[in-house]
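In what follows, a structure is listed as structure tokens, so that the remarks can point back to it.
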Amino acid sequence: LQTGGSGANPSWGTVSSDFVKVASGTHSGEYLYIDNCFTTDYNLYKVYFYHIDAGDYMRFRMRTGGASGSDFSSDKYRYRTRFWYETSGSTGDTGEAGWNETSTRIGYGGTGGSNNGHTIELSLSEPTSTAEMLDFHGQRSETGTRAGTAVFGGYVNDSQSTVFTGIMLYQNSTSSFNCNYAVYGLKV
């Protein structure tokens, strides 16, 4: 149902497919694989990981191969991250950079738990493009023993022939973690 503006009657219309949820679910285990979620249908993607319960910082890798995906673990990831936090009366900030790494570090550790707002928001530009290298940026909130936020950004320094069709999230210690996730495609 759409409005026609001030003084006009509402009318039925069509729903835009410019911002669409393409994948969602829950996870419990060491590695979260979301395959076949990036296609040429959308130019930009937003990936949300939320209600994260993990005790170490998180990393991600891109995946190739569609539904039967495999990790892209070449030393092609370049990134920078910065973290600001508050703990019971003290503040701090720290950061890390990676050049030709095999994955990207998202942020810093902390147990979020399912009732807290421990969340990662990741933006990806044209993961299936063969004309551009994949660039990304995002932020991570942290709850639990400290309140904080991390920002990060970077790119995958690979030839444009690599088509990324999925993503893998894992805890640096490769321990089990829990979270929910949703992937949205955006047309521009």
Side-chain angles (χ1 to χ4, degrees), residues 1-29 32-54 58 60-69 72 79 81-86 104 106-107 110-144 147-156 160 162-169 177-188:
L1 191 60
Q2 299 174 334
T3 180
S6 179
N9 291 327
S11 63
W12 293 104
T14 57
V15 176
S16 168
S17 62
D18 290 348
F19 191 103
V20 174
K21 181 167 43 174
V22 296
S24 65
T26 61
H27 169 75
S28 181
L32 167 57
Y33 301 104
I34 309 172
D35 285 322
N36 218 26
C37 62
F38 305 133
T39 67
T40 57
D41 292 343
Y42 300 98
N43 305 95
L44 302 172
Y45 285 88
K46 287 283 203 181
V47 182
Y48 297 93
F49 304 102
Y50 58 102
H51 296 313
I52 300 168
D53 187 2
M58 307 302 289
F60 78 86
R61 282 189 183 137
M62 298 308 296
R63 292 182 50 86
T64 61
S68 59
F72 184 80
Y79 64 90
T81 186
R82 195 77 189 164
F83 178 56
W84 297 271
Y85 61 91
E86 172 77 23
T104 294
I106 292 178
T111 301
S114 60
N115 295 323
N116 295 322
H118 198 55
T119 301
I120 295 168
E121 178 184 341
L122 172 64
S123 297
L124 301 164
S125 176
E126 299 185 275
T128 61
S129 175
T130 56
E132 305 273 336
M133 286 189 276
L134 175 74
D135 66 275
F136 55 84
H137 69 275
Q139 60 188 6
R140 177 183 177 174
S141 66
E142 183 176 311
T143 60
T149 189
V151 295
F152 60 93
Y155 67 101
V156 180
Q160 290 82 9
T162 302
V163 173
F164 297 111
T165 56
I167 191 167
M168 185 246 303
L169 181 73
F177 70 98
N178 302 314
C179 75
N180 297 339
Y181 65 90
V183 180
Y184 291 85
L186 292 82
K187 289 183 179 175
V188 291

Quiz item: Under 30°, 30 to 60°, or over 60°: which ring-plane class applies to F83 and Y85, parallel, tilted or perpendicular?
Solution: parallel

Quiz item: Parallel, tilted or perpendicular: which describes the rings of F60 and F152, with under 30° parallel and over 60° perpendicular?
Solution: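 Because their plane-to-plane angle lies in the 30° to 60° range, the rings of F60 and F152 count as tilted.
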
Practice problem: Look at the side chain of T128 and the backbone N and O of V163, then say whether any donor-acceptor pair between them is shorter than 3.5 Å. | Solution: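 Not confirmed, T128 side chain does not pair with V163 backbone.
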
Exercise. Check for a donor-acceptor pair, side chain of R63 on one end and backbone N or O of I167 on the other, with a separation under 3.5 Å.
Key: no

Quiz item: Is the ring centre of F49 less than 6.0 Å from the ring centre of H27?
Solution: no

Quiz prompt | Residue pairs involving residues 177-188 (criterion side-chain hydrogen bond (donor to acceptor under 3.5 Å, both in side chains); sequence neighbours excluded) | solution = S28-N178

Practice problem: Kindly indicate, with the supporting measurements, whether the criterion ring-ring contact (aromatic ring centres under 6.0 Å, His included) is fulfilled by Y155 and F136. | Solution: CA-CA 6 Å; Y155 67 101; F136 55 84; 8.1 Å; no

Hey, does [Y] have a side-chain heavy atom less than 4.5 Å from the side chain of [X]?
X	Y	answer
T81	V151	no
D53	C179	no
F72	T162	yes
L44	L124	no

Quiz prompt | By side chain to side chain contact (heavy atoms under 4.5 Å, CB included) - contacts of D41 (at least two apart) | solution = T39

Quiz item: For the residue pair V22 and C37, what are the closest heavy atoms and their distance?
Solution: CG2-O, 3.6 Å

Practice problem: With sequence neighbours excluded, tell me which residues meet salt bridge (charged side-chain N to carboxylate O under 4.0 Å, His left out) with E121. | Solution: K46

